[in-house]
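Reviewing the structure listed below.
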Amino acid sequence: MLIINGDLDRTSNGATTLMWHLPTGRPIRQLNTKFVSAAVDISPDSQILALGGNRGQIELWDVRTGEQTSVLSGHARWFKLLPTISALVYVAITDNTPSLLNRQDSQENRGVPQQSAWLLASASRDKTVRLWDLKTGELLSKLTGHAGWVYSIAVSPDGQTLVSGSADKTVKIWHRETGKLVRTLSQFEKPVYSVTISPDGQTLIAGSGDPALTIWNLETGELVNTLEGHPEGVAAVAMSADGETMVSRSLAGQVKIWQPG
């Protein structure tokens, strides 16, 4: 089990990312990156580490060797970091991708049919969500539709649904294989900073500038519950693998632990 954090290296032009062994709390490897690693995810086999940061790029690293394997470019670069939201490129990795996007899609949202083990999804201030073949580094699709910075993305456990939260005060639900927009949730009054999907794939949880977590039926788009308790907006939300515990962090850094249901 690993825990990963990144920070600016003020002695050089880059930054450092540390990998820790969670049971012992010991650092096991330091990665010298070109940017502050503000968003991370690990492949299903725990062999590939994806880092997103403030230069519009995604670095892929071999977890076992600590070697950088490739750099994915395409997102617009961000020159000024927000005080509470420091990431430019957000990443999420999913497996179960027997086929990728259909050539019949629109030119902007088109993809390339291809067999792939894992899919890397990324999002950024350029208002797009991009889908990559994690093994080859090939850009497969660019999803457009948001009118503002895309702050957060999540992929359902079956790999078929992708959710994005944006500064445009909406959450968009996409069909991952076709790249088509399924539904837009527009009931938010402030930017949506964080989205996550429950392990059973049935529930979407969103944190926004509003001082409450909202819980939605992922299939129908129905709002099923609102959790209040933070005095201000919610910057991040995550759920345990068993779906029994949820953790949220406010824009001021306050952390709350919830038991859904």
Side-chain angles (χ1 to χ4, degrees), residues 4 6 15 17 31 33-44 48-61 63 68-79 81-82 85-97 100-101 105 108-112 114 116-156 159-168 170-181 191-197 236 238:
I4 301 162
T17 295
L31 308 179
T33 62
K34 298 296 184 181
F35 49 68
V36 178
S37 302
V40 302
D41 205 353
I42 300 178
S43 63
I48 301 175
L49 173 68
L51 304 176
N54 62 339
R55 291 195 175 186
Q57 296 176 326
I58 302 163
E59 293 184 356
L60 300 182
W61 295 77
V63 172
Q68 184 184 104
T69 58
S70 60
V71 177
L72 310 181
S73 300
H75 284 293
R77 180 172 175 172
W78 179 231
F79 293 95
L81 301 183
L82 297 179
I85 305 295
S86 60
L88 166 62
V89 178
Y90 301 86
V91 294
I93 297 172
T94 184
D95 55 8
N96 191 25
T97 56
L100 293 168
L101 304 181
D105 291 342
E108 194 65 16
N109 288 357
R110 71 182 185 274
V112 181
Q114 179 175 336
S116 177
W118 300 315
L119 184 74
L120 171 68
S122 64
S124 120
R125 74 178 293 267
D126 62 12
K127 309 174 186 179
T128 69
V129 175
R130 297 175 189 238
L131 305 178
W132 313 76
D133 185 309
L134 186 60
K135 290 294 188 181
T136 66
E138 179 185 3
L139 177 63
L140 301 168
S141 178
K142 182 172 72 172
L143 310 182
T144 61
H146 279 295
W149 185 349
V150 183
Y151 283 126
S152 182
I153 50 177
V155 182
S156 62
Q160 297 306 302
T161 302
L162 188 147
V163 176
S164 54
S166 171
D168 64 10
T170 71
V171 168
K172 291 187 180 294
I173 301 173
W174 312 82
H175 187 267
R176 194 270 306 160
E177 283 200 49
T178 64
K180 293 182 179 180
L181 179 64
V192 180
Y193 293 122
S194 184
V195 292
T196 192
I197 298 174

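Just so you know, these numbers use all the heavy atoms, side chains as well, and skip hydrogens, waters and symmetry mates.
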- prompt: For the residue pair Gly179 and Trp174, what are the closest heavy atoms and their distance?
  reply: O-CE3, 3.8 Å

message: Rounded at 0.5 Å granularity, tell me how far CG in Leu181 sits from OG in Ser164.
response: 8.0 Å

message: Contact between Leu120 and Ile48 at the side-chain level, heavy atoms closer than 4.5 Å - yes or no?
response: no

message: To check you understand the geometry: which heavy-atom pair defines the closest contact between Ala167 and Pro191, and what is its length?
response: CA-CB, 3.7 Å

message: Using the rule side-chain hydrogen bond (donor to acceptor under 3.5 Å, both in side chains), only one of His175, Arg176, Lys180 pairs with Thr178; which is it?
response: His175

Nearest non-hydrogen partners of His146 and Ser166, listed with the distance: ND1-CB, 3.1 Å

task: For residues Ile58 and Trp132, report the shortest heavy-atom separation together with the two atoms involved.
output: CD1-NE1, 3.9 Å

task: Could you grab the distance from atom OG1 of Thr144 to atom CZ of Arg130, nearest 0.5 Å is fine?
output: 10.0 Å

query: Is the backbone N or O of Asp126 less than 3.5 Å from a side-chain atom of Ser124, with the two atoms forming a donor-acceptor pair by type?
result: yes

- request: Taking all non-hydrogen atoms of both residues into account, name the closest pair between Val192 and Val171 and its distance.
  value: CG1-CG2, 3.7 Å

message: Could you report the tightest heavy-atom contact between Ala123 and Val129, atom names first, then the distance?
response: CB-CG2, 4.2 Å

message: Donor-acceptor check, side chain of Thr196 to backbone of Ala238, threshold 3.5 angstrom: yes or no?
response: no

- request: Please confirm whether the backbone N or O of Leu60 pairs with a side-chain atom of Thr69, one donor and one acceptor, at under 3.5 Å?
  value: yes

- request: Report the distance from atom OG1 of Thr161 to atom CD of Glu177, rounding to the nearest 0.5 Å.
  value: 10.0 Å

